[in-house]
There are 2 protein chains.
Amino acid sequence: MNGQFQIATHVLTLLCKQPGELLSSDYVAGSMNVNPVLVRKEMRKLRVCGLIESKEGKTGGYCLALPPQKITLADVYKAVKLPPALGQAKNKPNPACPVGKQIGAHLDHLADEVEAAIITKLSTITIFDFVNQFD
Amino acid sequence: MNGQFQIATHVLTLLCKQPGELLSSDYVAGSMNVNPVLVRKEMRKLRVCGLIESKEGKTGGYCLALPPQKITLADVYKAVKLPPALGQAKNKPNPACPVGKQIGAHLDHLADEVEAAIITKLSTITIFDFVNQFD
DNA sequence: TGTACTGTAATATTTTTTATTACAGATAAA
DNA sequence: TTTATCTGTAATAAAAAATATTACAGTACA
């Protein structure tokens, strides 16, 4: 139950709907019923990737760093760094077994291909597109 | 850290390499350093989906139910039922907010599209293909 | 009839995610 | 210059999910 991508997308949607305004973490956290600190954590990731800007101090808050047509959901996905879609084994397969010895590399390669497929799909959708779906 | 897909794929690889033989959960669990009960749980999912067969009692174990050319990694993915690749928000967005009111439906639709992209990718790879990568 | 499996439940442990609390630093306004 | 309000961040607690462990009923074979 990982809602980091949803939080980031929700905030970006709000920022896109109120261009030019600075929205506070308390405000957006209230709009989605989630803890403000969690919002600030996701915002840090988005800021590091150059998707948003933030301003400290009184009247501070967050706004988009780029036009929403330039931000794809793939950018969001990469910024948020979710765990891999196929999961990730933590076990160490038996190296004495010919399968166990090699399967890690093959599974990693497969995981990379799946991540690439996800990113290809998400790169076709911008925040602008996403927000345009709303009434 | 979810290794269910990896466990299922590992077992299917072993079953594919030893056609006709029944492999026990203890044997395969030893090959991948994981708990045998966890193996049996994944095997139940694969059996329900018709990918493997199991036999109880002494000399019991697991074997493929289909030729490995007929089992795709998409079948495995669907059988294992991982949590959605984009995660899943547990929060209930504020229904008084026009964004909060609608975003759930749009995020669900997006999640469906991403799952479809994953399945499209994985459906191009059979267990036979996967196992053929091994030396 | 004993042995060695699957099937499954119950419980505990570990890991991950989310929530909460706290506070330093920044900035605007009184 | 002081106060209020925000970000940034750390530390900790609580909740949720995954995995490990234990236990045992049922099945099938020797």
Side-chain angles (χ1 to χ4, degrees), chain A residues 1-8 10-11 14-15 21-49 51-63 65 80-93, chain B residues 1-8 10-11 14-15 18 21-49 51-65 80-93:
Chain A
M1 220 190 264
N2 185 319
Q4 294 166 16
F5 179 86
Q6 285 78 4
I7 289 174
H10 196 138
V11 180
L14 292 171
L15 297 181
E21 289 184 50
L22 287 172
L23 304 187
S24 74
S25 60
D26 263 51
Y27 172 77
V28 296
S31 156
M32 65 183 89
N33 278 323
V34 87
N35 195 283
V37 176
L38 209 53
V39 170
R40 299 206 283 265
K41 272 185 187 167
E42 295 310 312
M43 292 306 96
R44 169 162 52 173
K45 298 180 195 171
L46 298 181
R47 191 187 58 235
V48 166
C49 292
L51 306 182
I52 64 160
E53 287 173 356
S54 62
K55 187 186 162 198
E56 293 186 39
K58 196 170 178 176
T59 75
Y62 303 95
C63 64
V80 166
K81 294 192 207 312
L82 293 180
L86 292 186
Q88 183 158 350
K90 68 162 195 180
N91 61 308
K92 303 258 185 186
Chain B
M1 220 189 264
N2 185 321
Q4 294 166 18
F5 179 85
Q6 285 77 5
I7 290 173
H10 196 139
V11 179
L14 292 171
L15 297 182
Q18 271 135 298
E21 289 183 51
L22 288 172
L23 303 187
S24 74
S25 60
D26 263 51
Y27 172 77
V28 295
S31 156
M32 66 182 88
N33 278 324
V34 88
N35 194 283
V37 175
L38 209 54
V39 171
R40 299 206 283 266
K41 272 186 187 166
E42 296 310 312
M43 292 305 97
R44 168 162 53 173
K45 299 180 194 169
L46 298 180
R47 191 187 58 236
V48 165
C49 293
L51 306 182
I52 64 160
E53 286 171 357
S54 62
K55 186 185 160 197
E56 292 185 39
K58 197 170 178 176
T59 75
Y62 302 96
C63 65
L64 296 183
V80 166
K81 294 192 206 313
L82 292 180
L86 293 185
Q88 183 159 349
K90 70 162 195 180
N91 62 308
K92 303 257 186 187

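Sequence lines set the chain letters: A, B, ... in the order given, protein chains first and strands last, and positions in each chain run from 1.
For the pair B/Q88 (side chain) and B/P83 (backbone), a donor-acceptor distance under 3.5 Å is absent.
B/R47 has a side-chain polar atom (N or O) that falls below the 4.0 Å cut-off from OP1 or OP2 of C/dG7. Regarding contacts with the backbone of C/dC5, every side-chain N or O of B/T59 stays at 4.0 angstrom or more from both OP1 and OP2. When the side-chain nitrogen and oxygen atoms of B/S25 are compared with OP1 and OP2 of C/dC5, none of them lie within a distance under 4.0 Å. For A/N35 and C/dT20, the shortest distance from a side-chain N or O to OP1 or OP2 is below 4.0 Å. Side-chain nitrogen and oxygen atoms of B/Y27 include none within less than 4.0 Å of the OP1 or OP2 phosphate oxygen of C/dT6.
Between A/Q4 and A/G57, it is A/Q4 whose nearest contact on DNA chain C lies nearer the 5' terminus. Place B/Q88 and B/S24 on DNA chain C by their nearest nucleotides, and B/S24 ends up nearer the 5' end. Nearest-nucleotide positions on DNA chain D place B/K90 closer to the 5' end than the other of B/K90 and B/K41. Heavy-atom nearest nucleotides on DNA chain D were determined for A/D26 and for A/A89, and the one closer to the 5' end corresponds to A/D26.
If you measure from atom NZ of A/K58 to atom P of D/dT2, you get 16 Å, rounded to the nearest angstrom. The NZ atom of B/K45 sits 17 Å away from the C1' atom of C/dT6 (whole-angstrom rounding). Atom CG in B/L46 sits roughly 11 Å away from atom P in C/dG7 (whole-Å rounding). Following rounding to the nearest Å, A/M32 (CE) and C/dA19 (P) show an atom-to-atom distance of 11 Å. Taking atom CG of A/N33 as the reference point, atom P of C/dT20 lies 11 Å away to the nearest angstrom. Here C/dC5 presents its P atom at 17 Å from CE of B/M43, a figure rounded to the nearest Å. Atom CG in B/L82 sits roughly 13 Å away from atom C1' in D/dA17 (whole-Å rounding). Between the NZ atom of B/K55 and the C1' atom of D/dT27 there is a distance of 10 Å, given to the nearest Å.
B/N35 CG to A/N91 CG: the interatomic distance, rounded to the nearest 0.5 Å, is 11.5 Å. Expressed to the nearest 0.5 Å, how far CD1 of B/I7 lies from CG of B/L38 amounts to 4.0 Å. Of the inter-residue distances, the one linking B/L51 atom CG with B/M43 atom CE reads 9.5 Å to the nearest 0.5 angstrom. For the atom pair A/Y27 OH and A/M32 CE, the distance stands at 10.0 Å (nearest 0.5 Å).
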* To do: Walk me through it: do A/T59 and A/L22 pass the test side-chain contact (heavy atoms from CB on, under 4.5 Å)?
  => CA-CA 8 Å; A/T59 75; A/L22 287 172; 5.6 Å; no
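Across all strands, B/V37 comes closer than 4.0 Å to base atoms (heavy-atom distances). When heavy atoms are screened at a 4.0 angstrom cut-off, A/N2 is found touching the sugar-phosphate backbone but no base atom.
Checked against D/dT21, D/dT7, C/dA19, the side chain of A/L38 finds its nearest nucleotide in C/dA19.
Applying the 3.5 Å distance criterion, the base of C/dT8 shares a donor-acceptor pair with the side chain of B/R40.
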